[in-house]
Engineer: 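First, the structure itself, so that you have it in front of you.
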Amino acid sequence: MSVRRPLTSARGSLPVLVCVVGLLLGACAEDDPEPRIAAPAESASASAAPSNSVSEAATPVDETAEEFIQRWAELNRDMQNIGASPEYERITRGCEPCQGAIERIAEIHAAGGFVEWDGMEITRIKKMYTRSYDVWATSAPTRYKNSESSPVERFKGGPHKFMLTLRRTADGFVVDDLARRPL
């Protein structure tokens with residue numbers, strides 16, 4: 001039996017995301033950097049043709065799970081760098097680890113801190129169960145300050161794996177859960 005470790009477990013006072021799933025959602029180990037999401041890469045999924053661009057989907061309702069995961073990763077990056085993203089909050093409203101990361105990032109920005117992260121490159125997506133997908137990603141390094149007076153800290157980037165549990169709604173996919181997985 002494996003123990004599920006939420007991506008919102010903190011290293012210091014900054015949440016570690018997956019990543020992804022962080023990944024949360026982003027998707028990082030406790031001693032790895034925060035998840036970062038870079039430009040989308042091809043997904044290696046047997047269930048759908050690879051997509052090189054999130055914008056290929058006409059609308060969120062029409063996008064495949066793989067396209068949604070790429071878009072989720074981009075929104076995760078933006079949320080961390082900007083400090084808020086109504087669209088990221090909308091697509092993760094049922095995901096407890098994601099909501100914890102949103103709250104922590106908002107606290108950092110409200111205290112005059114920042115997060116600088118180029119995101120993560122999704123390198124592989126594999127459907128595991130009816131609604132769950134294993135996602136492999138390579139996170140970019142992160143620079144952050146917990147507050148205006150805090151020193152700049154860094155997380156190194158690197159490979160991560162997480163599981164995203166999705167649900168299709170009338171408006172498209174949403175994230176129900178995010179969990180770190182062993183590589």
Side-chain angles (χ1 to χ4, degrees), residues 1-9 15-57 59-77 79-80 85 87-102 117 119-140 157-183:
M1 178 176 183
S2 65
V3 176
R4 186 176 153 239
R5 183 182 328 171
L7 295 178
T8 54
S9 61
V16 177
L17 303 174
V18 111
C19 340
V20 102
V21 198
L23 105 219
L24 214 165
L25 149 75
C28 299
E30 290 180 5
D31 43 348
D32 285 338
E34 281 226 2
R36 314 247 173 160
I37 301 172
E42 283 191 8
S43 82
S45 172
S47 63
S51 171
N52 290 326
S53 172
V54 172
S55 62
E56 289 178 13
T59 66
V61 174
D62 297 330
E63 68 190 351
T64 66
E66 291 80 0
E67 290 167 333
F68 171 80
I69 291 168
Q70 294 287 356
R71 185 167 63 89
W72 166 83
E74 291 175 356
L75 291 168
N76 183 349
R77 177 198 60 219
M79 179 274 298
Q80 291 191 48
S85 169
E87 180 63 4
Y88 184 80
E89 291 177 27
R90 185 188 71 75
I91 68 169
T92 62
R93 67 182 168 261
C95 174
E96 193 174 317
C98 302
Q99 294 303 305
I102 290 168
W117 182 49
M120 66 179 141
E121 177 185 359
I122 305 291
T123 56
R124 182 176 176 207
I125 299 171
K126 180 179 178 185
K127 186 171 185 171
M128 298 302 293
Y129 306 104
T130 303
R131 300 178 3 188
S132 298
Y133 295 81
D134 271 357
V135 180
W136 288 259
T138 302
S139 177
H160 304 283
K161 181 180 174 188
F162 50 94
M163 180 179 280
L164 275 176
T165 302
L166 308 180
R167 180 172 35 93
R168 188 179 284 278
T169 69
D171 297 324
F173 285 103
V174 295
V175 178
D176 276 343
D177 197 16
L178 174 67
R180 184 178 172 342
R181 305 268 297 188
L183 283 174

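Here the structure is a predicted model, which is why all the values come from computation and not from measurement.
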Engineer: SG/C98 to CG/L164 distance, rounded to the nearest 0.5 angstrom?
Structural biologist: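 Going from the SG atom of C98 to the CG atom of L164 covers 7.5 Å.
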
Engineer: When rounded to the nearest 0.5 angstrom, what distance separates NZ in K127 from OG in S132?
Structural biologist: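 Answer for the NZ-OG pair, K127 versus S132, is 9.5 Å.
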
Engineer: Under the side-chain contact (heavy atoms from CB on, under 4.5 Å) rule, collect the residues that match up with E87, sequence neighbours excluded.
Structural biologist: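 Scan of E87 (side-chain contact (heavy atoms from CB on, under 4.5 Å), adjacent residues dropped) gives R71, L75, S85, R90, I91.
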
Engineer: Please find the pair of heavy atoms, one from Y133 and one from E66, that lie closest to each other, and give the distance.
Structural biologist: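 Of all heavy-atom pairs spanning Y133 and E66, the closest is CE2-OE2, 4.3 Å.
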
Engineer: Output the distance between atom OH (Y129) and atom CE (M163), rounded to the nearest 0.5 Å.
Structural biologist: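 Between atom OH of Y129 and atom CE of M163 there are 5.0 Å.
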
Engineer: If you compare all heavy atoms of L183 against all heavy atoms of P159, which two are closest, and at what distance to 0.1 Å?
Structural biologist: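 That closest heavy-atom pairing would be CD1-O, 3.9 Å.
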
Engineer: With the side chain counted from C-beta on, respond yes when E67 and F173 share a heavy-atom pair under 4.5 Å apart, and no when they do not.
Structural biologist: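 Side-chain contact under 4.5 Å: no.
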
Engineer: Would you compute the distance between atom CD1 of I125 and atom CD of Q70 and round it to the nearest 0.5 angstrom?
Structural biologist: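 Rounded to the nearest 0.5 Å, the CD1-CD separation comes to 5.0 Å.
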
Engineer: If we only count heavy atoms from C-beta on, is the T92 to Q99 side-chain gap below 4.5 Å?
Structural biologist: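 Of all side-chain heavy-atom pairs linking Q99 with T92, at least one is under 4.5 Å.
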
Engineer: Nearest 0.5 angstrom please: Q80 CD to Y88 OH, how far?
Structural biologist: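 So the CD of Q80 and the OH of Y88 are separated by 7.5 Å.
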
Engineer: Quick one: are L166 and I69 in side-chain contact, heavy atoms under 4.5 Å?
Structural biologist: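 Touching, per the 4.5 Å side-chain cut-off.
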
Engineer: Mind checking side chain to side chain donor-acceptor pair (under 3.5 Å) for R167 and listing every partner two or more places apart, or none if nothing turns up?
Structural biologist: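 With sequence neighbours excluded, R167 shows a side chain to side chain donor-acceptor pair (under 3.5 Å) to D176, given in chain and number order.
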
Engineer: Let me confirm one number: the CE-CD1 distance from M79 to I102, rounded to the nearest 0.5 Å.
Structural biologist: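 So the CE of M79 and the CD1 of I102 are separated by 5.5 Å.
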
Engineer: Please identify each residue that fulfils side chain to side chain donor-acceptor pair (under 3.5 Å) with R93, with sequence neighbours left out.
Structural biologist: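 With sequence neighbours excluded, R93 shows a side chain to side chain donor-acceptor pair (under 3.5 Å) to no residue whatsoever.
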
Engineer: Just to verify, what does D134 make a salt bridge (charged side-chain N to carboxylate O under 4.0 Å, His left out) with, not counting sequence neighbours?
Structural biologist: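 Residues passing salt bridge (charged side-chain N to carboxylate O under 4.0 Å, His left out) with D134: K161, R181.
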
Engineer: Testing the basics here: between A170 and V61, what is the closest heavy-atom pair and its distance to 0.1 Å?
Structural biologist: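 Between these two residues, the closest heavy atoms are O-CG2, 3.4 Å.
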
